[in-house]
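When a residue number appears, it is its place in the shown sequence, counting from 1.
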Amino acid sequence: MKYLVYSLWFQLVWLVAVLGQQTLLPWLLALLFVNAVIIHRYFSFPIWLPLVIAMLGVVLDILNRGLGVFEFSTPRFPLWLVCLWVAFGAYLLVMTPVLKQLGLFAVAVIGALAGAISYWAGFKLGVVTWPRGENATVIILAIEWGIMLPVLHHLAVRMLKRAGGKHALSTE
């Protein structure tokens, strides 16, 4: 049940980040603070772990932007997207015990589908533009996320084992 509740929480953060962008940034930062309290209280892993995943995600998005896979309306990399990556880093760490039970192939499929759908939703909401076209970009993102989620999951497993704590890979 806690994984379902946390998944709904992450969707709320995603909506505030994507729909609000810079306008709702103070609310997004407040949600990230609450998120930090939640993961510390209920999942007991160090608060810096999501930042590692977020840094990798931001690098990927900067590369995608630089390669013309997608563009944002601002000249700088959007702060709301950095915040979203921090929230995703926490979400991945929370969901790691569940993903660990699924196996590598299932994690890759989930990554390919969920990653592409998330960016596609942002595209449909007008948050991002896709210079290469919709079909090509969906394929690129599905391939990226089909690789990226298993890699990030493997990293999350290693970080959680090293960090220990009551959460460390237990589904209880």
Side-chain angles (χ1 to χ4, degrees), residues 1-61 72 77-102 106-128 141 144-146 148-172:
M1 181 64 152
K2 70 181 177 181
Y3 297 108
L4 175 61
V5 170
Y6 196 81
S7 292
L8 293 172
W9 169 257
F10 176 73
Q11 292 307 313
L12 171 67
V13 173
W14 188 93
L15 284 169
V16 169
V18 172
L19 294 178
Q21 298 175 40
Q22 299 305 112
T23 307
L24 295 181
L25 195 55
W27 287 102
L28 181 58
L29 293 171
L31 288 174
L32 285 181
F33 176 77
V34 171
N35 196 56
V37 171
I38 289 169
I39 63 172
H40 179 71
R41 172 85 168 100
Y42 295 103
F43 297 101
S44 187
F45 54 81
I47 198 67
W48 58 268
L49 290 181
L51 299 177
V52 174
I53 293 167
M55 285 188 315
L56 295 172
V58 167
V59 167
L60 177 67
D61 277 352
F72 298 98
F77 192 79
L79 183 54
W80 63 266
L81 189 52
V82 174
C83 293
L84 184 56
W85 269 109
V86 172
F88 176 77
Y91 182 57
L92 176 63
L93 288 159
V94 166
M95 297 304 290
T96 293
V98 175
L99 294 175
K100 192 171 184 214
Q101 294 177 343
L102 299 178
V107 172
V109 170
I110 290 168
L113 294 175
I117 289 170
S118 179
Y119 282 84
W120 178 79
F123 170 73
K124 287 299 185 181
L125 291 169
V127 174
V128 62
L141 292 171
E144 278 182 3
W145 274 93
M148 186 75 161
L149 189 61
V151 168
L152 291 176
H153 171 62
H154 177 73
L155 177 63
V157 168
R158 292 190 62 179
M159 290 190 312
L160 287 170
K161 281 182 180 177
R162 182 169 277 179
K166 70 181 180 186
H167 176 269
L169 304 175
S170 169
T171 56
E172 296 175 10

Could you give the side-chain donor-acceptor pairs of residues 119-126 under 3.5 Å, partners two or more places apart or in another chain?
{"from": "Y119", "atom 1": "OH", "to": "D61", "atom 2": "OD1", "distance (Å)": "2.7"}
{"from": "Y119", "atom 1": "OH", "to": "D61", "atom 2": "OD2", "distance (Å)": "2.9"}
{"from": "W120", "atom 1": "NE1", "to": "E134", "atom 2": "OE2", "distance (Å)": "2.8"}

T96 and A156: which non-hydrogen atoms are nearest, and at how many Å? OG1-CB, 3.4 Å
Under 6.0 Å between ring centres: does that hold for W27 and F33? no
Inter-residue atom distance I117.CD1 - I110.CD1, 0.5 Å rounding: 11.5 Å
With side-chain contact (heavy atoms from CB on, under 4.5 Å) as the test, would you mind laying out the steps for V94 and I39 before giving the verdict? CA-CA 8 Å; V94 166; I39 63 172; 4.1 Å; yes
CG of L31 to CG of L84: how many Å apart, nearest 0.5 Å? 11.5 Å
Side chain to side chain donor-acceptor pair (under 3.5 Å) involving W80 - partner list, sequence neighbours excluded: none
Please set out all donor-acceptor pairs under 3.5 angstrom arising from side-chain atoms of residues 5-16, sequence neighbours excluded.
{"from": "Y6", "atom 1": "OH", "to": "N35", "atom 2": "OD1", "distance (Å)": "2.6"}
{"from": "Y6", "atom 1": "OH", "to": "N35", "atom 2": "ND2", "distance (Å)": "3.3"}
{"from": "S7", "atom 1": "OG", "to": "Y3", "atom 2": "O", "distance (Å)": "2.8"}
{"from": "S7", "atom 1": "OG", "to": "Y91", "atom 2": "OH", "distance (Å)": "2.8"}
{"from": "W9", "atom 1": "NE1", "to": "N35", "atom 2": "OD1", "distance (Å)": "2.8"}
{"from": "W14", "atom 1": "NE1", "to": "S118", "atom 2": "OG", "distance (Å)": "3.0"}

Distance in Å, K2 NZ paired with I38 CD1, rounded so as to fall on 0.5 Å steps: 13.0 Å
Hey, what do you get for CG (L92) to NE2 (H153), rounding to the nearest 0.5 Å? 8.0 Å
Atom CG in L79, atom CD in Q21: separation rounded to 0.5 Å? 12.0 Å
Considering all heavy atoms, the nearest G89-P50 contact: C-CB, 3.7 Å
Just wondering, do L155 and L56 contact through their side chains at under 4.5 Å, heavy atoms? yes
Within this structure, what is the CG-CZ distance for the pair L160 and R162, rounded to the nearest 0.5 Å? 12.0 Å
Does the side chain of I53 come within less than 4.5 Å of V86's, by heavy atoms? no
All heavy atoms of P78 vs all of F72, minimum pair found to be CG-CG, 3.7 Å
